[in-house]
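Below is one structure, written out as structure tokens; comments come after it.
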There are 2 protein chains.
Amino acid sequence: MRARFAKILRREAISRKTTSTELDPLSIRLIELMQKDSDIGLAELAEAAGATTSSCWRRLDELRKTGVIQRSVAVIDPAALGLTVNVFVQVTLEKQNEAALRAFQNRIARRPEVMECYLMSGDADYLLRVVVEDLAQYHRFVVDHLTTIPGVANLRSSFALDQVKYTTALPTAHLRGSEAVGDPAPRRKPPRGSARRKTE
Amino acid sequence: MRARFAKILRREAISRKTTSTELDPLSIRLIELMQKDSDIGLAELAEAAGATTSSCWRRLDELRKTGVIQRSVAVIDPAALGLTVNVFVQVTLEKQNEAALRAFQNRIARRPEVMECYLMSGDADYLLRVVVEDLAQYHRFVVDHLTTIPGVANLRSSFALDQVKYTTALPTAHLRGSEAVGDPAPRRKPPRGSARRKTE
DNA sequence: ATTGAAACGGATCTAGC
DNA sequence: GCTAGATCCGTTTCAAT
């Protein structure tokens, strides 16, 4: 959906605290729908959410201002760009002091082929997902960009044979009190103290 | 940006082969821009791409029909939903036959907390990224959903301390002949056989 | 104050050159 | 392929609860 003044609004959004305001059912529904397809019209949104277009517009505006909805983006088919190879790299640094971490993160953040980077617990310090056309390109990335970062001690690369699932849609089931969403609601642990006695 | 007939068009898109049609500079530019912000208007797009709004509209339409642009989605702040914990799980199956793999993938694909799943080379069979509110919820996911999948032999969980980088924007530098994008164009290996001799 | 409806203005889409 | 016009929809305003 087109959000005309999104950019202006983002300004004030940053200043606001990310208040963990409880999200009401309308917000949750809108988030779910917009995560699936943000090109949906207000009319369709309103119908699917069981609300008026006005309500939906106002709520979306608020969700954007408060930074819950950060932006909308086009999802591109990686294969169409020839980017069929996913590589996970576990990176170990020589020293884990603040400066070393910052230096690494800054260098990594600028590399467009690095889709994700996580500071990890356990054996390795960082886990990266890198997307490339082929192994030759990956090799160039490692040699030209990874190993040139000061303090990088060790690399361990794992190659993905297939991307089984990839979604940008965060789960929302936990936001509703009960009645899970993508779930046939298997069996939920009773809320402590409500163990069935008489009904049995 | 609003794409009115997106849904109808998607139908024919699927039938078409994902032709690795060479992408011209306009398409590349549009992809870059739409990956950053799909709420941008046609006018802005056209200006940034150095083309008319009509050209851009037609090209976008084509990119959507051919499935290069799959859809647009809202990007949500995970923290706003309380989803601050990222876990990577390496899963090993007892047997790697077709049936076992399919069964696992089907079960995993339906779990909304699984954001990504890759079939891997190397020691483990699958690598998952799971997003949850806290460790308790992760524990429930493992017990209720992962270990209940038949054929799962071994799990190895690694916890992310911080999400340093996360982007949905695929790199595009490789699509252009030369002149890299997010790059000050450091030093490119000459194309084999053009080693400088006389110029030196 | 909050909500819905309806008019407005601007952007998308299309047809004609 | 570009320009200009018709149409649609996000945005705003206003009235009613």
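Note on naming: letters A, B, ... go to the chains in the order of the sequence lines (proteins, then strands), and numbering restarts at 1 for each one. The structure presented is a predicted model; accordingly, all values stated were derived computationally and were not measured.
- Taking atom CZ of A:R58 as the reference point, atom P of C:dA6 lies 15 Å away to the nearest angstrom.
- As judged by a 4.0 angstrom heavy-atom cut-off over every strand, A:S54 is placed among the base-contacting residues.
- Between the side chain of A:T172 and the backbone N or O of A:L175, no donor-acceptor pair lies under 3.5 Å.
- The CD-C1' distance, from A:E62 to D:dT12, rounds to 18 Å in whole Å.
- Within the 4.0 Å cut-off from OP1 or OP2 of D:dC2, at least one side-chain nitrogen or oxygen of B:T52 is found.
- When the P atom of C:dC13 is taken as reference, atom CG of A:D39 falls 9 Å away, rounded to whole Å.
- Applying the 4.0 Å criterion to OP1 and OP2 of D:dC2, one finds that B:S55 has a side-chain N or O inside that range.
- Across the protein-nucleic acid pair, A:R64 atom CZ and D:dG10 atom P stand 10 Å apart, rounded to whole Å.
- Rounded to an integer number of Å, the gap from A:D61 CG to D:dT11 P is 8 Å.
- Rounded to whole angstrom, the span from the CG atom of A:L42 across to the C1' atom of C:dG9 amounts to 16 Å.
- For the pair B:L60 CG and C:dC13 P, the interatomic distance rounds to 9 Å; values are reported in whole Å.
- Within the 4.5 Å cutoff, side-chain heavy atoms of A:M34 are placed close to those of A:I40.
- The shortest distance between the side-chain N/O atoms of A:W57 and the OP1/OP2 oxygens of D:dT11 is below 4.0 Å.
- Put simply, CD1 on A:I40 is 14 Å from C1' on D:dG10, counting in whole angstrom units.
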Between A:S158 and B:Y118, is a side chain to side chain donor-acceptor pair (under 3.5 Å) present by the stated rule, with each step listed? CA-CA 11 Å; A:S158 305; B:Y118 299 87; over 6 Å; no
